[in-house]
J.: 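The structure's right below; bear with me while I get my questions together.
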Amino acid sequence: MKRGGIAKVVIRALRRTGISAPTQGTHLLRHSLATSMLRDGVSLPAVGALLRHTSIQTTQVYAKVDLLCSEK
């Protein structure tokens, strides 16, 4: 699978800064946006609507990540 321009920019920035991330490319941006919104008190259905998830269960993955990050 060939990566698009935005994904290449994100991957290059991660390499330059030495940041090790579990996901790379545009998916990392989606995760960052979702967890930031959840921390700001945005509801799970609103986050799911913005990310265009068809299932709330998909969006709940982001809530789990947010809870894990909050515990540290």
J.: Do Leu29 and Ile6 come close enough that some side-chain heavy atom pair is under 4.5 Å?
T.: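 Yes, side chains in contact.
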
J.: Closer than 3.5 angstrom, by distance alone: can the side chain of Ser36 be matched with the main-chain N or O of Ser32 as a donor-acceptor pair?
T.: no

J.: Step by step, would you call Val47 with Leu33 a side chain to side chain contact (heavy atoms under 4.5 Å, CB included)?
T.: CA-CA 9 Å; Val47 172; Leu33 174 65; over 6 Å; no

J.: Check for me, please, whether Ile19 and Val10 land in the same ILVMFWY cluster - side-chain distances under 4.5 Å, paths through other members count.
T.: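 Hydrophobic grouping puts Ile19 with Val10.
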
J.: With rounding to the nearest 0.5 Å, note down the distance linking CG in Leu38 to CG in Leu44.
T.: 6.0 Å

J.: Determine, using the 4.5 Å side-chain heavy-atom cutoff (strictly less than), whether Val9 and Ile11 are members of one ILVMFWY cluster.
T.: no

J.: Under 4.5 Å between any side-chain heavy atoms of Leu14 and Leu28, yes or no?
T.: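 Yes, at least one pair of side-chain atoms sits under 4.5 Å.
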
J.: Closest heavy-atom contact between Leu51 and Ala34?
T.: CD1-CB, 3.8 Å

J.: What distance separates His53 NE2 from Arg30 CZ, expressed to the nearest 0.5 Å?
T.: 4.5 Å

